[in-house]
K.L.:
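Sending over a structure as structure tokens; questions will come in a sec.
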Protein chains: 2
Amino acid sequence: MGRKVIDNPNVCSLVHAMNVIGNKWKPILIYLLANGSLRFGKLLMFTPTISKKVLTEQLRELEEDGIIIRKKYAEIPPRVEYSLSKKGKALLPILKSLSQWTQDSYNEIEFEACRIVTL
Amino acid sequence: MGRKVIDNPNVCSLVHAMNVIGNKWKPILIYLLANGSLRFGKLLMFTPTISKKVLTEQLRELEEDGIIIRKKYAEIPPRVEYSLSKKGKALLPILKSLSQWTQDSYNEIEFEACRIVTL
DNA sequence: AATAGTGGTTACAAAATGGTAACTAATGGG
DNA sequence: CCCATTAGTTACCATTTTGTAACCACTATT
């Protein structure tokens with residue numbers, strides 16, 4: 001009589017979604033790209049305290065998962081533009097509703113800690 | 001000329017939401033409680049490979065964040081029932097749409113890895 | 001007196017994630 | 001020949017997260 005397992009495709013898909021977007025930086029990066037493409041340098045500026053290394057890693061993973069598109073121009077100095085793919089854009093309303101959920105569920109004081117993190 | 005910062009309340013709230021649900025076990029636990037309360041032992045059984053220690057930690061954090069309710073009965077052997085709070089229930093449609101997003105965006109092969117994890 | 005059952009706790013270890021600082025490649029301009 | 005610019009890479013380290021195994025408290029049952 002072994003341990004029961006999850007074979008629920010909904011739970012499985014949810015786990016997958018979390019693997020794709022559920023970490024410290026990815027939802028922020030996706031949100032930043034909501035209004036169009038941005039260059040590496042801009043993403044670095046707009047994402048406070050992220051390092052080049054970690055930004056590169058996160059962008060690579062998002063690209064692998066088909067969330068963003070990386071367009072490299074053959075210029076010197078280099079120019080690279082990141083934008084949301086169709087999959088990525090489909091995520092926006094969901095991220096918006098998550099954001100809204102926080103705003104509906106917690107008052108200012110309760111998530112003050114978050115404000116500090118992002119200042 | 002310092003680095004720019006995020007003061008967007010939407011991004012901030014999204015970060016908060018991810019702090020609350022964006023890890024390996026929490027979305028699964030919330031999903032498991034979608035259809036009513038479950039005892040500690042059942043949650044342990046239905047969440048493959050989670051350890052008692054980690055399950056306890058996750059449940060405590062979800063309780064602190066107001067997502068679940070812990071009801072302890074004064075019985076021997078002990079009985080503890082976990083259920084979703086109002087905040088927790090409000091999360092369900094969002095988790096469902098995340099799950100749906102995966103199912104719309106990735107084919108079976110692409111998230112086969114996830115199936116293996118949950119078997 | 002020993003054991004089972006439930007919901008934990010504890011000390012410890014391993015793995016995953018995130019961070020720092022220095023370095024690189026390629027080219028135009030002074 | 002040196003410097004600036006951009007988008008990285010590299011080696012190394014710190015922190016956070018997750019996991020393992022043993023133990024505990026309380027009572028009923030054998």
Side-chain angles (χ1 to χ4, degrees), chain A residues 1 3-6 15-16 18-29 32-33 37-65 68-83 113-114 117-118, chain B residues 1-6 15 18-29 32-33 37-65 68-83 113-114 117-118:
Chain A
M1 196 186 306
R3 167 175 262 186
K4 290 250 176 73
V5 296
I6 294 177
V15 169
H16 178 267
M18 279 301 164
N19 287 341
V20 169
I21 62 156
N23 78 347
K24 185 170 179 181
W25 299 115
K26 285 176 185 173
I28 297 176
L29 295 172
L32 285 175
L33 293 174
S37 67
L38 285 174
R39 298 178 61 171
F40 184 86
K42 291 289 176 192
L43 287 169
L44 194 62
M45 275 198 298
F46 293 152
T47 311
T49 81
I50 203 175
S51 65
K52 281 180 168 190
K53 187 199 111 186
V54 173
L55 179 56
T56 305
E57 282 170 2
Q58 302 299 300
L59 291 171
R60 290 281 188 279
E61 288 177 19
L62 287 171
E63 195 194 1
E64 268 181 41
D65 288 323
I68 65 172
I69 294 159
R70 178 177 185 274
K71 188 165 184 187
K72 181 173 192 167
Y73 294 84
E75 299 175 5
I76 295 290
R79 177 157 70 104
V80 179
E81 299 259 4
Y82 292 93
S83 59
C114 166
V117 166
T118 59
Chain B
M1 195 186 307
R3 167 175 262 186
K4 289 251 177 71
V5 297
I6 294 176
V15 169
M18 279 300 166
N19 286 340
V20 169
I21 61 155
N23 78 347
K24 184 169 179 180
W25 299 115
K26 285 176 186 174
I28 297 177
L29 295 173
L32 284 175
L33 293 173
S37 67
L38 285 174
R39 298 177 61 169
F40 184 87
K42 290 289 175 193
L43 286 170
L44 193 62
M45 274 198 299
F46 293 151
T47 311
T49 82
I50 201 173
S51 65
K52 280 181 168 190
K53 188 201 112 189
V54 173
L55 179 57
T56 306
E57 282 170 2
Q58 303 298 299
L59 291 171
R60 292 281 188 278
E61 288 177 18
L62 287 171
E63 195 194 0
E64 269 181 39
D65 288 324
I68 64 172
I69 294 161
R70 179 177 185 273
K71 188 165 183 186
K72 182 173 192 167
Y73 294 85
E75 301 175 2
I76 295 290
R79 176 157 71 103
V80 179
E81 299 260 3
Y82 292 94
S83 59
C114 167
V117 165
T118 59

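Chain naming here is simple, since letters A, B, ... match the order of the sequence lines and numbering starts at 1 in each. What's counted below: heavy atoms across the whole structure, side chains too, no hydrogens, waters or symmetry copies.
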K.L.:
Given dG5(C), dA7(D), dG19(C), identify the nucleotide with an atom nearest to the side chain of V80(A).
P.N.:
dA7(D)

K.L.:
Please give, in whole Å, the distance from dT29(D) C1' to I76(B) CD1?
P.N.:
14 Å

K.L.:
dG8(C), OP1 or OP2 - any side-chain N/O from R60(B) closer than 4.0 Å?
P.N.:
yes

K.L.:
What nucleotide among dT9(C), dG7(C), dT6(D) has an atom nearest to a side-chain atom of P77(A)?
P.N.:
dT6(D)

K.L.:
Once you round it to whole Å, what is the distance between C1' of dT6(D) and CZ of R70(A)?
P.N.:
12 Å

K.L.:
Could you check which of dG8(D), dT6(C), dG8(C) has an atom nearest any side-chain atom of K52(A)?
P.N.:
dG8(D)

K.L.:
Does Y82(A) reach a base, just sugar-phosphate, or nothing at all? Heavy atoms under 4.0 Å.
P.N.:
sugar-phosphate

K.L.:
As an exercise, state the distance from CD of E81(A) to NZ of K42(A), rounded to the nearest 0.5 Å.
P.N.:
11.0 Å

K.L.:
If the cut-off is 4.0 Å, is R39(A) near the phosphate of dA7(D), judged by side-chain N/O to OP1 or OP2?
P.N.:
yes

K.L.:
From CE of M45(A) over to C1' of dT5(D), roughly how many Å is that when rounded to an integer?
P.N.:
14 Å

K.L.:
Classify K53(A) by what it touches in the nucleic acid, base, sugar-phosphate, or nothing, heavy-atom distance under 4.0 Å.
P.N.:
base

K.L.:
Which nucleotide in the list dG19(C), dG7(C), dT9(C) gets nearest to the side chain of T56(B)?
P.N.:
dT9(C)

K.L.:
Indicate whether any N or O donor in one side chain lies under 3.5 Å from an N or O acceptor in the other, for E61(A) and N23(A).
P.N.:
no

K.L.:
Would you mind reading off the distance between W25(A) atom CH2 and dT15(D) atom P, rounded to a whole angstrom?
P.N.:
16 Å

K.L.:
Does N23(B) make a side-chain N or O approach to OP1 or OP2 of dT17(D) shorter than 4.0 Å?
P.N.:
no

K.L.:
Quick one: are M18(B) and I21(A) in side-chain contact, heavy atoms under 4.5 Å?
P.N.:
yes

K.L.:
Measure the distance from NZ on K42(A) to P on dA7(D) and round it to the nearest whole Å.
P.N.:
10 Å

K.L.:
Rounded to the nearest 0.5 Å, how far apart are CG of L32(B) and CG of L43(B)?
P.N.:
6.5 Å

K.L.:
With a 4.0 Å cut-off on heavy atoms, is Q58(A) in touch with a base, just the backbone sugar-phosphate, or nothing at all?
P.N.:
sugar-phosphate

K.L.:
Ignoring the backbone of K24(A), work out which of dT20(D), dG19(C), dG7(C) is nearest its side chain.
P.N.:
dG19(C)

K.L.:
Could you check how far CD of E75(B) sits from C1' of dA25(D), rounded to whole Å?
P.N.:
16 Å

K.L.:
Below 4.0 angstrom, N of the basic side chain to O of the carboxylate: do R60(A) and E64(A) qualify?
P.N.:
no

K.L.:
Using whole Å, what does the distance between atom P of nucleotide dT17(D) and atom CD of E57(B) come to?
P.N.:
10 Å

K.L.:
Just the rounded figure in Å: distance from P of dG19(D) to CD1 of I50(B).
P.N.:
7 Å

